[in-house]
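Please read the structure below before turning to the comments.
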Amino acid sequence: MAFLAYALLAFIASARAVDITITAETVHEIPETLFGYMWEDINHSGDGGLYAELIQNRAFQAVEPGTDDALAAWTALNNASISVIADPSPLSSALPNALSVSFPSNSSGPAGIANEGFWGIRIDAGSTYTGSFYAKGTLNTTTGSQAEVTLQSKATGDIYASAEIDVSSLSASGYTKYSFELKPEGGAPDTDNLFTVTFPSPAEVTFTLFSLFPPTFKSRSNGMRIDLAETLAATRPGVWRFPGGNNLEGQTVARRWKWNETIGPLEERPGRRGDWGYPNTDGLGLLEYLDWAEDIGAEPILGVYAGYSLGGETVPEDAIQAYVDEAIAEIEFVTGDASTHWGSVRAALGREEPYALRYVEIGNEDFFAPDSYQAYRWAAFANGLEAAYPGKFKYLATTYEDVTSLEPKPAYYDFHQYNNPNWFVEQAVRYDEGVTPRDGTQYFVGEYAVTSNNDGSKMAYPTVEAAVGEAAFMTGLERNADVVFAAAYAPTLNHVDDTQWYPDLVSFNAGTVSKSPSYWAQWLFSTNRGTHTLPTSPVSSNTTGAPLYWSASYNTDAAVVYLKVSNTDSASINTTITLDGFTQDGDAKVQFFSGAAQDVNTVDAPDAIVVSETAVSVVDGVLAYAFPGLSVSVVTIPAQI
Ligand code: AHR
């Protein structure tokens with residue numbers, strides 16, 4: 001009996017052993033755009049996330065004055081009374097609302113206002129927090145003219161940093177801007193903290209446009225939160241598709257993302273209620289996105305509004321030209337030199353040199369409104385933009401060939417897929433199997449992620465099983481990079497205290513960042529980039545019967561072979577990897593992660609799944625390696641062709 005069991009195990013093991021031969025012959029180039037991200041403000045990924053501003057509801061944008069919602073994140077301290085008003089003499093027409101505060105004479109302690117940040121404020125020792133607010137009103141100067149700002153604990157009132165501000169210039173007739181710095185000597189033990197402003201009482205003061213920034217990524221003003229920025233930058237994303245996603249579209253035409261309202265001084269940006277339910281300040285605007293893409297070396301894919309909004313409203317044909325003109329102007333702002341109207345506006349905002357832009361995506365998921373896309377919207381934009389910028393840009397369509405028959409015929413399509421792990425594993429060979437023509441048409445997998453378990457249940461965080469499925473699919477993208485020129489995981493970030501869509505690649509709160517197994521799969525694929533694909537025999541996993549998926553590539557600059565492997569089975573799989581025609585012997589390495597199917601990283605346990613590295617030897621051009629069950633691995637082998 002024991003012998004039979006042993007024989008059966010030995011048989012299963014040998015049946016599952018996989019021989020992979022990699023041949024020293026570059027097949028086709030792998031564009032640098034292959035792995036990257038789709039971006040929109042969702043889950044507070046922007047405001048309260050990547051955008052480093054710490055004050056939530058800083059200018060009372062896109063709220064109804066007088067409502068509780070309008071006071072989101074603000075509270076009164078001691079006996080102050082507060083309300084959001086429609087200011088009859090606002091700071092700017094873009095910012096019509098303000099916070100009216102009555103500082104009473106009878107308060108027991110300093111009366112004032114407090115902002116809780118985006119569900120907390122992280123306070124780091126030694127950092128400089130740069131802040132400002134606008135105020136107007138009247139003071140009783142007999143009680144002094146020094147206001148105070150602090151960063152303090154919500155629970156204990158312990159003050160981590162404070163600054164006095166001379167507000168003797170306060171006037172009832174117009175706003176004055178007050179600026180300050182807060183420099184905590186010691187850090188706070190948690191993020192349950194407040195930003196406070198107290199005024200000498202009694203006083204009647206109206207405030208707007210508060211701001212408080214910690215140090216930012218690459219020290220840009222109005223910049224990015226360092227830990228989140230470094231997390232995304234660390235994967236060296238090849239592509240950055242923005243500004244959405246649904247958040248480009250608006251729920252209505254009037255509520256679409258209007259590029260020209262996201263540029264210039266913050267005082268002139270009205271913000272809007274985004275598609276994901278909360279106000280967007282648009283402090284993270286078009287220029288900030290373009291700078292960010294440059295800072296991380298990602299190719300921007302700019303989505304332009306194409307006349308369809310998520311709530312179902314569609315711009316009629318006889319009105320579409322105005323929106324085409326809006327896109328033409330936007331592209332001039334991005335790429336025109338300073339002799340053009342919009343290029344000169346950009347130059348006046350501090351960016352003389354045009355941005356490098358090659359790809360323009362026309363709309364988002366227009367398969368939800370295919371009739372108008374086919375009848376006139378696609379043509380109006382594709383022809384209109386081409387007439388304005390002959391031969392300059394590549395236009396991506398957002399319907400599929402089986403849904404619409406577009407004229408002019410698109411050369412680029414954006415394909416989206418959210419599904420379960422099995423779908424992604426099965427579709428690892430979709431591009432080998434010719435679901436798309438090899439006729440020069442190029443595909444962008446512009447949104448993809450495992451979003452549910454195989455039994456249909458939802459997952460709050462990407463699991464190991466999800467990441468392994470995505471990685472299997474990504475091996476197919478890399479192998480077929482001659483037709484799939486780019487791919488973008490979505491959504492990228494979620495604030496765990498206000499999430500609209502899950503799972504997401506990276507979860508965070510005010511103080512902590514959690515990189516999911518899916519993040520680590522992106523990191524493994526994106527930081528180990530080949531310049532060319534290499535042929536393998538077998539070509540791909542499905543021909544072996546073993547649940548192992550791979551792609552091989554070569555980096556001609558670094559002279560290394562990469563073999564990316566997803567083992568979708570729960571047991572390990574032995575392989576013999578033969579290098580055919582390479583000059584190689586010596587050390588190689590494997591970077592990998594593995595775990596149980598439902599293992600996740602969370603903000604409370606961010607490092608349950610991490611990447612490990614192990615050295616392996618290549619002898620006579622052969623490497624033997626067992627890929628652990630449910631794992632994603634990259635084997636890196638220095639080798640000459
Ligand atoms: O990524 C979340 C949403 O999914 C995007 O906004 C939309 O394009 C897709 O339907």
So, [X] side chain and [Y] main chain: donor-acceptor pair closer than 3.5 Å or not?
X: S45; Y: G49; value: no
X: R351; Y: R346; value: no
X: S457; Y: N453; value: no
X: K136; Y: S173; value: no
X: D124; Y: G187; value: no
X: N601; Y: A608; value: yes
X: E470; Y: V450; value: yes
X: D497; Y: N509; value: no
X: R273; Y: N280; value: no
X: N193; Y: I121; value: yes

For this session: Go through the steps to decide whether T33 and I301 satisfy the test side chain to side chain contact (heavy atoms under 4.5 Å, CB included), and finish with yes or no.
Result: CA-CA 10 Å; T33 38; I301 294 189; 5.9 Å; no
When you compare the side chain of [Y] with that of [X], does any pair of heavy atoms fall below 4.5 Å?
X: L91; Y: E267; value: yes
X: V632; Y: F525; value: yes
X: P300; Y: Y355; value: no
X: P200; Y: L139; value: yes
X: N247; Y: R272; value: yes
X: I165; Y: V149; value: yes
X: F592; Y: T614; value: yes
X: M224; Y: L232; value: no

Problem set entry | Atom OH of Y502: over 12 foreign heavy atoms under 6.0 Å | no
Exercise. Does atom CD of E185 have more than 12 heavy-atom neighbours, drawn from other residues, nucleotides or ligands, at distances under 6.0 Å?
Worked result: no
Seminar exercise, completed: With sequence neighbours left out, the residues meeting ring pair (Phe, Tyr, Trp, His ring centres under 6.0 Å) with W257 are none
Exercise. Who passes ring pair (Phe, Tyr, Trp, His ring centres under 6.0 Å) against Y178, sequence neighbours left out?
Worked result: F133
Verify the distance criterion only: is there a donor paired with an acceptor across the side chains of [X] and [Y] at less than 3.5 Å?
X: N260; Y: E326; result: no
X: D158; Y: T156; result: yes
X: S211; Y: E53; result: yes
X: Y37; Y: T235; result: yes
X: T602; Y: D604; result: no
X: Y305; Y: N364; result: no
X: T252; Y: S309; result: no
X: E288; Y: Y51; result: no

Measuring from [X]:[atom1] to [Y]:[atom2], what's the distance to the nearest 0.5 Å?
X: E268; Y: S93; atom1: CD; atom2: OG; result: 8.0 Å
X: T231; Y: K515; atom1: OG1; atom2: NZ; result: 4.5 Å
X: L286; Y: E330; atom1: CG; atom2: CD; result: 5.5 Å
X: I85; Y: N97; atom1: CD1; atom2: CG; result: 8.5 Å
X: T262; Y: L287; atom1: OG1; atom2: CG; result: 7.5 Å
X: W259; Y: I331; atom1: CH2; atom2: CD1; result: 10.5 Å

Exercise. Do E32 and R529 meet the salt-bridge criterion of a basic N to acidic O distance under 4.0 Å?
Worked result: no
Exercise. Less than 4.0 Å between a side-chain N and a carboxylate O, is that true for D291 and K218?
Worked result: no
Problem set entry | Step-by-step side chain to side chain contact (heavy atoms under 4.5 Å, CB included) determination, V506 to Y489 | CA-CA 11 Å; V506 174; Y489 188 100; over 6 Å; no
If every non-hydrogen atom of [X] is compared with every non-hydrogen atom of [Y], which pair is closest and at what distance?
X: L71; Y: N57; result: C-ND2, 3.8 Å
X: V611; Y: Q591; result: CG1-CB, 4.0 Å
X: N246; Y: E365; result: ND2-OE1, 4.3 Å
X: I113; Y: L77; result: O-CD1, 3.8 Å
X: T492; Y: L505; result: O-CB, 3.3 Å
X: S105; Y: S201; result: CA-CB, 4.3 Å

For this session: Take L290 and F242 through the side chain to side chain contact (heavy atoms under 4.5 Å, CB included) test and state the conclusion after the steps.
Result: CA-CA 9 Å; L290 291 163; F242 75 100; 3.9 Å; yes
Exercise. Can the ring centres of H495 and F508 be said to be less than 6.0 Å apart?
Worked result: yes
Exercise. How about Y289 and W240: are their ring centroids closer than 6.0 Å?
Worked result: no
Exercise. Does the pair S507 and S514 meet the rule for a side-chain hydrogen bond (donor to acceptor under 3.5 Å, both in side chains), with working shown?
Worked result: CA-CA 5 Å; S507 300; S514 163; 5.3 Å; no
Problem set entry | Partner set under side-chain contact (heavy atoms from CB on, under 4.5 Å) for T191, not counting sequence neighbours | R122, A510
For this session: Evaluate the side chain to side chain contact (heavy atoms under 4.5 Å, CB included) criterion for residues R269 and T281: first the C-alpha distance (whole Å), next the side-chain angles of each, then the deciding distance (0.1 Å), finally the verdict.
Result: CA-CA 7 Å; R269 301 190 199 185; T281 65; over 6 Å; no
Problem set entry | Candidates E40, E299, E361 - the one meeting salt bridge (Lys or Arg N to Asp or Glu O under 4.0 Å) with R241 | E361
Problem set entry | Given N494, N43, D504, the one that forms side-chain hydrogen bond (donor to acceptor under 3.5 Å, both in side chains) with T499 | N494
Exercise. Between S102 and E204, does a side-chain hydrogen bond (donor to acceptor under 3.5 Å, both in side chains) hold up when you go through it step by step?
Worked result: CA-CA 5 Å; S102 185; E204 298 293 330; 2.8 Å; yes
Exercise. W74 and ring-ring contact (aromatic ring centres under 6.0 Å, His included): which partner among F210, F195, F207?
Worked result: F210
